[in-house]
2 protein chains.
Amino acid sequence: MDTATRDRFHRHARVFKALGHGTRLFMVRELGRGERCVQDLQQLVGSDISTISKHLSVLREAGLVRDDRRGNQVFYSLSAPCVLEFMTCVEGVADGGAPQALLEAPPGAGS
Amino acid sequence: MDTATRDRFHRHARVFKALGHGTRLFMVRELGRGERCVQDLQQLVGSDISTISKHLSVLREAGLVRDDRRGNQVFYSLSAPCVLEFMTCVEGVADGGAPQALLEAPPGAGS
DNA sequence: TGACTATTTGGCCAAATAGCCAATATTGGT
DNA sequence: ACCAATATTGGCTATTTGGCCAAATAGTCA
């Protein structure tokens, strides 16, 4: 694997890595319902607000969310709603066995 | 966030976490083209074969790949091809983060 | 059985991550 | 200017991760 390819995959992997934490995944889900400010998320999650802020910066640097300061609060929203679509797939994978529905079509089934 | 919810999100996050490494992402991509044995992947990636094996076990435990021993080699294949579908989305996020990137082909996004 | 190949596992260490508290912005109100 | 409210950053520690080497396991073939 050459350097350029490795860099490219590592760059793309950063997005998955950002989603690879329960709290961040929860926040992305929540942001999928609409924008939220930091303390909204803090109350929902329950961790220290600095922890929430750091998680949000991970998501922002991965390009998954955008921030918008209004007054003395910062509202976050999902910048790539497409991530919500594959949550379903991932939940199937995580909950075991379910992804069969997504495997190669069994004989006689449409694509 | 109650314990059950936290557990659920952390369980789902494990799948993303498994994809959150350049080498593993590369291997998933490669497995998307067909099954490969460990040494095939080792040659493609270039790391130590024990490192490859450990990456594969991460993917297997996440439910993303399955292994099939035939003779003295073990063939891995993608058990959830749906992950390939959102690679496009993620590449768009990583390469600019604009939602528009998902509607029109981003420049230089050859597969 | 033993030699050989393919893969996995354990040990070890460097680097990255997550979480909390404290300190520092940044904004709004008085 | 000062203070309160919101959010971010720095510092610190505990835990996890990634990679290599070496050792162990699984299977084939003679």
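So that the names make sense, note that chain A is the first sequence line, chain B the second, and so on, each numbered from 1. Just so we're clear, the structure is a prediction, and the values are computed from it rather than from any experiment.
With sequence neighbours excluded, no residue satisfies side chain to side chain donor-acceptor pair (under 3.5 Å) with B:Ser47. For A:Thr5, the side chain to side chain donor-acceptor pair (under 3.5 Å) partners are A:Asp2, not counting sequence neighbours. Every residue two or more places apart in sequence or in another chain that forms a side chain to side chain donor-acceptor pair (under 3.5 Å) with B:His55 is listed here: B:Arg24. Here A:Arg29 pairs with A:Glu91 under the side chain to side chain donor-acceptor pair (under 3.5 Å) rule; sequence neighbours left out. Partners of B:Ala62 according to the side chain to side chain contact (heavy atoms under 4.5 Å, CB included) rule, which considers only residues two or more places apart in sequence or in another chain, are B:Ala18, B:Leu64. The ring pair (Phe, Tyr, Trp, His ring centres under 6.0 Å) check on B:Phe75 picks up nothing, with sequence neighbours excluded.
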Distances under 3.5 Å only, N/O to N/O: pair up the protein atoms with those of nucleotides 19-21 of chain C.
{"residue": "C:dG19", "atom": "OP2", "partner": "A:His55", "partner atom": "NE2", "Å": "2.6"}
{"residue": "C:dC20", "atom": "OP2", "partner": "A:Asp48", "partner atom": "N", "Å": "3.3"}
{"residue": "C:dC20", "atom": "OP2", "partner": "A:Thr51", "partner atom": "OG1", "Å": "3.2"}
{"residue": "C:dC20", "atom": "N4", "partner": "A:Lys54", "partner atom": "NZ", "Å": "3.0"}
{"residue": "C:dC21", "atom": "N4", "partner": "A:Ser50", "partner atom": "OG", "Å": "2.9"}

Show the distances under 3.5 angstrom between N or O atoms of the protein and N or O atoms of nucleotides 25-29 of chain D.
{"residue": "D:dG27", "atom": "O3'", "partner": "B:Gly71", "partner atom": "O", "Å": "3.4"}

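Side-chain nitrogen and oxygen atoms of A:Tyr76 include none within less than 4.0 Å of the OP1 or OP2 phosphate oxygen of D:dT6.
Ring geometry for B:Phe16 against B:Phe86 counts as tilted: the plane angle lies between 30° and 60°, on a 0 to 90° scale.
Of the residues in residues 24-44 of chain A, A:Arg24 come within less than 4.0 Å of DNA chain C through at least one heavy atom, sorted by number.
Atom-to-atom, NZ of A:Lys17 to P of D:dT17 comes out at 11 Å; the value is rounded to the nearest Å. The interatomic distance linking B:Ile49 (CD1) with D:dG19 (P) rounds to 15 Å, in whole Å.
A pairwise comparison of heavy atoms in B:Thr23 and A:His10 identifies N-NE2, 4.1 Å as the closest pair.
For the helix from C:dT1-D:dA30 to C:dT30-D:dA1, the terminal axes (five pairs an end, C1' atoms, rotation from four pairs onto the next four) enclose an angle of 20°, given to 10 degrees.
Annotation: salt bridge (Lys or Arg N to Asp or Glu O under 4.0 Å) contacts involving residues 5-20 of chain B, sequence neighbours excluded, comprise A:Asp95-B:Arg11.
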Which pairs would a plain distance check flag for residues 34-41 of chain B, meaning a side-chain donor or acceptor within less than 3.5 Å of a matching protein atom at least two apart in sequence or in another chain?
{"residue": "B:Glu35", "atom": "OE2", "partner": "B:Arg70", "partner atom": "NH2", "Å": "2.5"}
{"residue": "B:Arg36", "atom": "NE", "partner": "B:Glu30", "partner atom": "OE2", "Å": "3.0"}
{"residue": "B:Arg36", "atom": "NH1", "partner": "B:Gly34", "partner atom": "O", "Å": "3.4"}
{"residue": "B:Arg36", "atom": "NH2", "partner": "B:Glu30", "partner atom": "OE2", "Å": "2.9"}
{"residue": "B:Asp40", "atom": "OD2", "partner": "B:Cys37", "partner atom": "N", "Å": "3.2"}

